[in-house]
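One structure below.
The basis for the numbers below is simple: all heavy atoms, side chains too, and nothing from hydrogens, waters or symmetry mates. The first residue in the sequence is number 1, and the count goes up from there. These numbers come from a predicted model, not from an experiment.
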Amino acid sequence: MPVDPAQLAAAMGQFAAGVCLLTVRDGIDDVGTTVSSVMSVSADPPLVAVGLSAAGYPAEVLEEVGSCALTVLAAQHAIVASRFSSAGRPSARHLLEAVPWSRAAGSGAITLDDGLAALDCRVARLVEAGDHVLALLAVEDAPVLTPDAPPLLRLRGRYVDESGRPAARP
């Protein structure tokens with residue numbers, strides 16, 4: 001008998017995961033989404049994998065554009081993460097009006113200047129995986145930006161710092 005989706009979500013919610021902001025520049029606008037299903041796949045060649053909702057606009061744009069950026073978020077980015085995880089969100093630039101950001105050299109996608117790290121990526125492969133798409137991304141640049149800042153984590157459906165306390169909201 002298959003596992004109930006709510007049961008699986010509750011079980012996986014016990015696993016603390018780092019939080020990233022995935023952004024794509026589609027030529028007209030910038031789109032983005034908060035992701036916590038991110039993993040390092042290979043150091044040589046440099047590859048990461050990201051899980052995205054198959055029905056979501058960012059997955060469609062990523063497939064069309066073929067490149068993106070990932071910013072590893074710091075604990076101070078809880079509000080940014082919340083903004084990008086809500087449905088019906090506007091352009092990424094509008095959600096980041098008070099947040100310092102730059103464009104990644106290769107993809108042209110937005111990265112946060114005060115993130116922990118920024119990965120500039122191109123799509124190596126997209127794999128259908130149930131109600132999600134697994135994006136295998138070739139990393140073309142990966143500067144560490146603020147290595148001493150505490151990371152933003154997702155645990156039990158909440159954004160927390162490394163101590164498990166709710167992440168600070170500026």
Side-chain angles (χ1 to χ4, degrees), residues 2-13 15-73 77 80-96 99 101-112 115-145 151-155 157 159:
V3 174
D4 175 66
Q7 181 184 15
L8 179 60
M12 293 308 297
F15 179 70
V19 182
C20 293
L21 174 63
L22 180 139
T23 56
V24 180
R25 184 175 190 187
D26 73 358
I28 299 169
D29 206 354
D30 295 278
V31 297
T33 189
T34 304
V35 291
S36 57
S37 296
V38 178
M39 67 180 220
S40 176
V41 174
S42 171
D44 187 19
L47 299 169
V48 297
V50 177
L52 296 168
S53 173
Y57 184 63
E60 293 172 18
V61 175
L62 180 59
E63 182 175 22
E64 182 180 318
V65 172
S67 62
C68 66
L70 283 169
T71 302
V72 180
L73 298 180
H77 296 122
V80 170
S82 293
R83 287 178 185 162
F84 279 91
S85 65
S86 61
R89 56 194 170 272
S91 162
R93 288 188 311 261
H94 296 297
L95 293 173
L96 296 171
V99 179
W101 56 270
S102 302
R103 292 206 179 271
S107 65
I110 289 173
T111 59
L112 302 190
L116 300 179
L119 286 71
D120 196 8
C121 305
R122 67 176 165 71
V123 175
R125 181 184 303 171
L126 296 175
V127 179
E128 290 184 25
D131 60 358
H132 277 64
V133 171
L134 185 64
L136 187 61
L137 304 172
V139 180
E140 298 183 335
D141 194 19
V144 174
L145 304 173
L152 181 63
L153 303 174
R154 182 128 175 106
L155 177 65
Y159 294 118

Quiz item: Distance from Leu22 atom CG to Ser37 atom OG, nearest 0.5 Å?
Solution: 12.0 Å
Quiz item: To the nearest 0.5 Å, how far apart are SG in Cys68 and CG in Asp30?
Solution: 12.5 Å
Practice problem: Locate the shortest heavy-atom distance separating Thr34 from Ala81; write the atom from each residue and the value. | Solution: OG1-O, 2.7 Å
Quiz item: What is the minimum heavy-atom distance between Gly115 and Leu145, and which atoms define it?
Solution: O-CB, 3.1 Å
Exercise. Kindly give the heavy-atom pair with the smallest separation between Pro45 and Ser42, and that separation in Å.
Key: O-OG, 2.7 Å
Practice problem: Just do the side-chain contact (heavy atoms from CB on, under 4.5 Å) check on His94 and Asp29 with the steps written out, would you? | Solution: CA-CA 10 Å; His94 296 297; Asp29 206 354; 5.8 Å; no
Practice problem: With rounding to the nearest 0.5 Å, note down the distance linking OG in Ser67 to CD in Glu140. | Solution: 8.0 Å
Quiz item: Between the side chain of Thr111 and the main-chain N/O of Ala118, is any donor-acceptor distance below 3.5 Å?
Solution: no
Quiz item: So, Ser36 side chain and Arg154 main chain: donor-acceptor pair closer than 3.5 Å or not?
Solution: no
Exercise. Under the side-chain contact (heavy atoms from CB on, under 4.5 Å) rule, what do Val50 and Leu137 come out as? Steps first, then yes or no, please.
Key: CA-CA 8 Å; Val50 177; Leu137 304 172; 3.8 Å; yes
Quiz item: Between Arg25 (side chain) and Ala109 (backbone), is there a donor-acceptor pair under 3.5 Å?
Solution: no
Quiz item: Which atom names give the shortest non-hydrogen contact between Cys121 and Val139, and what distance separates them?
Solution: SG-CG2, 4.1 Å
Self-check item: Within-4.5 Å side-chain heavy-atom neighbours: Leu112 and Leu73
Solution: yes
Quiz item: What heavy-atom pair brings Thr23 and Ile110 nearest, and what distance separates the two atoms?
Solution: OG1-O, 2.5 Å
Quiz item: Taking the side chain as C-beta and beyond, is there a heavy-atom pair between Val35 and Leu70 under 4.5 Å?
Solution: yes
Quiz item: Can you check whether Gly106's main-chain N or O pairs, donor with acceptor, with Asp120's side chain at less than 3.5 Å?
Solution: yes
Quiz item: In Å, rounded to the nearest 0.5 Å, how long is the span from CZ of Arg83 to CG of Leu95?
Solution: 6.5 Å
Self-check item: For the student: nearest non-hydrogen atoms of Val31 and Pro58, plus distance
Solution: CG2-CA, 4.4 Å
Self-check item: Side chain to side chain, Val72 and Pro151, heavy atoms closer than 4.5 Å
Solution: no
Self-check item: Non-hydrogen side-chain atoms of Val80 and Leu96 separated by less than 4.5 Å
Solution: yes
Self-check item: Between OG on residue Ser107 and CG on residue Asp141, distance to nearest 0.5 Å
Solution: 9.5 Å
